[in-house]
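Written out below as structure tokens is the structure these notes cover.
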Amino acid sequence: MRESKQARLERMHAEYAILCREFPAPKCALHFTNPFELLVATVLSAQTTDKRVNSVTPALFASYPNAAALANARAEDVEDIIRPLGFFRSKTQHLLGLANALDRDFGGVVPRTMDELTGLPGVGRKTANVVLGNAFHIPGFPVDTHVMRVTGRLRWRSDWRIAKSDPVKVEREICACFPPEEWTDLSHRLILHGRAVCHARTPDCANCPLNETCPSAG
DNA sequence: ATCCCGAGGG
DNA sequence: CCCTCTGGAT
């Protein structure tokens, strides 16, 4: 029998409450409050860990504290700094293009709208929502691979394969069920949960705090 | 071997 | 709807 809409809503809120207990104080691992720094750090965080990003940002921002400085950087120099992150060539391209566009189109000031942000090189919806939420306190729901997988298992029970799902649909569905001031926080907790427990290949359902209600728990 | 708090491009 | 980009940790 199909779960009613009301029941599902209550379950989702209960699950959120459990995640809040599981991760008592999730703050953005990239702790930057400066929008430029947060944007750059978030772009760098693709396919890496926050720890590694945090290990290169001091040197990066010491040399290039703002968009104008980064726009005029030599690609080689930037590559040398961010090399340990992997994908350093494409990331450097993104960073330089990003800094140029920021400098040229926005006077070096990070814009505050989804359309403007995603128009920047290397910035997609996920990155834009992280920046909007954490730097500007404009509610957004960042959807990455973890969020796709966890919400897929929790809500749709569909095979969580990312390619077949629609991140914007996930974004809309979740946003419809939670108040805006919880979006950023919920996304972050889902990501942490995805990394810690709800793994892609072998989810640790036995030790999952949501295994009582998760329709995919096995 | 496998995975990592994605985005651009074919 | 794929694929690629990349080094480092585990």
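Just the heavy atoms: all of them, side chains too, but no hydrogens, waters or symmetry mates, feed the values below. Within every chain, numbering begins at 1; the chains are lettered A, B, ... in the order of the sequence lines, protein sequences first and strands thereafter.
Look at CG on Asp80(A): it is 14 Å from P on dT6(C), rounded to the nearest Å.
Among the heavy atoms of the strands, none lies under 4.0 Å from Leu190(A). Residue contacts for Val123(A): at a heavy-atom cut-off of 4.0 Å it reaches the sugar-phosphate backbone alone, with no base atom in range.
With the nearest nucleotide of DNA chain B identified for both Thr118(A) and Ile191(A), Ile191(A) has the one nearer the 5' end. Nearer the 5' end of DNA chain B, as judged by each residue's closest nucleotide, is the contact made by Gly194(A), out of Gly194(A) and Arg125(A).
Between Ser90(A) and the phosphate of dT4(C), there is no side-chain N or O to OP1/OP2 separation shorter than 4.0 Å.
Both Leu70(A) and Phe106(A) are part of a single hydrophobic cluster, where members link through side-chain heavy atoms under 4.5 Å apart.
By the 4.0 Å N-to-carboxylate-O rule, Lys169(A) lies too far from Glu173(A) to be salt-bridged with it.
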Protein N or O to nucleotides 7-10 of chain C N or O, pairs below 3.5 Å:
| unit_1 | atom_1 | unit_2 | atom_2 | d |
| --- | --- | --- | --- | --- |
| dG7(C) | N2 | Arg52(A) | NH1 | 2.6 |

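The aromatic rings of His13(A) and Phe178(A) lie parallel to each other, with less than 30° between the two planes, well short of the 60° mark.
No side-chain heavy atom of Pro142(A) sits under 4.5 Å from any side-chain heavy atom of Glu171(A). The closest side-chain heavy-atom distance from Pro203(A) to Arg153(A) is below 4.5 Å.
When the P atom is compared between dT6(C) and dT2(B), the two are found 22 Å apart, to the nearest whole Å.
The side chain of Thr127(A) approaches dA7(B) more closely than any other nucleotide in the set dC4(B), dA7(B), dT2(B).
Asn72(A) and Tyr64(A) are not linked by any side-chain donor-acceptor pair at a separation below 3.5 angstrom, with hydrogens and angles left out of the test.
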